[in-house]
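Here's the structure we're looking at; comments come further down.
The structure presented is a predicted model; accordingly, all values stated were derived computationally and were not measured. One-based numbering along the sequence shown. Note that these values count all heavy atoms, side chains included, but never hydrogens, waters or copies made by symmetry. Whatever order the structure lists them in is the order used to number ligands and atoms, beginning at 1.
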Amino acid sequence: MKAERIVILTGAGVSAESGVPTFRGPDGLWEGHRVEDVATPEAFAARPGVVQAFYDARRARLAEVAPNAAHDALARLDREWPGEFLLVTQNVDDLHERAGSRRLLHMHGELKSAWCLACGARSPWEGPLAGGPACPACGAKGRMRPDIVWFGEIPYHLDAIDQALAACDLFVAIGTSGLVYPAAGFVETARFAGAYCIEINLEPSDMASRFHEQRTGPAGRLVPELVEALLSARAAA
Ligand code: APR
């Protein structure tokens with residue numbers, strides 16, 4: 001496999017081995033929650049306390065988890081890959097950056113960011129948002145929401161992602177069910193650009209047939225193997 005320009009897409013499966021629950025499936029985060037009760041702007045307008053508590057709990061959990069071998073391998077690839085590289089994550093945890101990834105875009109927002117609806121500022125955030133803390137930028141109280149892209153909202157960085165996909169020659173999707181657009185459609189853009197497309201997932205995803213190659217198994221084993229192979233091939237070239 002020859003590659004120069006790599007785009008990687010990650011989903012909840014890449015953080016599963018760190019102990020962060022995925023969304024769908026048994027024990028998934030949506031078990032016990034209807035998506036429309038916690039992950040839509042309408043839910044936030046109707047029951048802000050419930051939504052803040054849901055995300056406050058997820059933010060607090062980040063202190064108890066650590067990057068796994070898949071995050072570490074992707075950070076290594078970012079560090080050592082001399083060509084174009086972009087890691088796009090749907091995840092709102094901070095495990096990719098804690099592993100050391102730099103060429104990284106969070107398309108669905110970040111738990112550790114708060115968005116002030118009074119002034120529009122986005123501020124780094126560690127603690128709870130319940131209780132209506134003041135915005136560090138404008139001082140308004142009770143106007144901060146999680147900086148998370150909810151269903152019905154437009155994901156972040158789509159122009160930059162589209163440009164990278166249109167120019168890539170290797171696209172790898174890792175640990176994502178392929179059910180949520182636009183991310184589920186990235187494989188089509190990459191294919192159209194002529195990229196070789198690999199899926200790494202515990203089971204074939206809904207989009208599996210669109211990939212040239214599927215690697216089935218845990219990301220913590222398969223991602224380090226892929227990264228090692230890419231870097232060795234590059235060194236030998
Ligand atoms: N290694 C590889 N894949 C795994 C692992 C693992 N250790 N564990 C689980 N998976 C796979 C599952 O088989 C599943 O296909 O990861 C996928 C996770 O799918 P989802 O829970 O649907 O997560 P994701 O695809 O990231 O969801 C997309 O949906 O709810 C929204 O905004 C939310 O960003 C999220 C988006």
If you measure every N/O of [X] against every N/O of ligand 1, is any gap under 3.5 Å?
X      : answer
Asn201 : yes
Phe151 : no
Phe23  : yes

Quick one: look up the protein heavy atom nearest atom 26 (O) of ligand 1 and list residue, atom name and how far away it is. Ala12 N, 2.8 Å
For the aromatic rings, using the six-membered ring if either is Trp, is the centroid distance between Tyr156 and His106 under 6.0 Å? no
Hydrogens and angles aside, do Ser15 and His71 bring a side-chain donor and acceptor to less than 3.5 Å of each other? yes
Exercise: do Thr89 and Thr10 side chains pair donor with acceptor under 3.5 Å: yes
Would [X] count as a contact of ligand 1 if the rule is a heavy atom under 4.0 Å away?
X      : result
Gly217 : yes
Ser205 : no
Leu179 : no

Heavy-atom donor-acceptor pair, Asp169 side chain to Arg5 backbone, under 3.5 Å: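 Checked: pair present.
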Check for a donor-acceptor pair, side chain of Asn91 on one end and backbone N or O of Gly11 on the other, with a separation under 3.5 Å. yes
Residue part near ligand 1, for Ala16, under 4.0 Å between non-hydrogen atoms: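 Ala16 to ligand 1: side-chain contact only, backbone stays beyond 4.0 Å.
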Report the relative orientation of the aromatic rings in Trp150 and Tyr55; use parallel for angles under 30°, tilted for 30 to 60°, perpendicular for over 60°. tilted
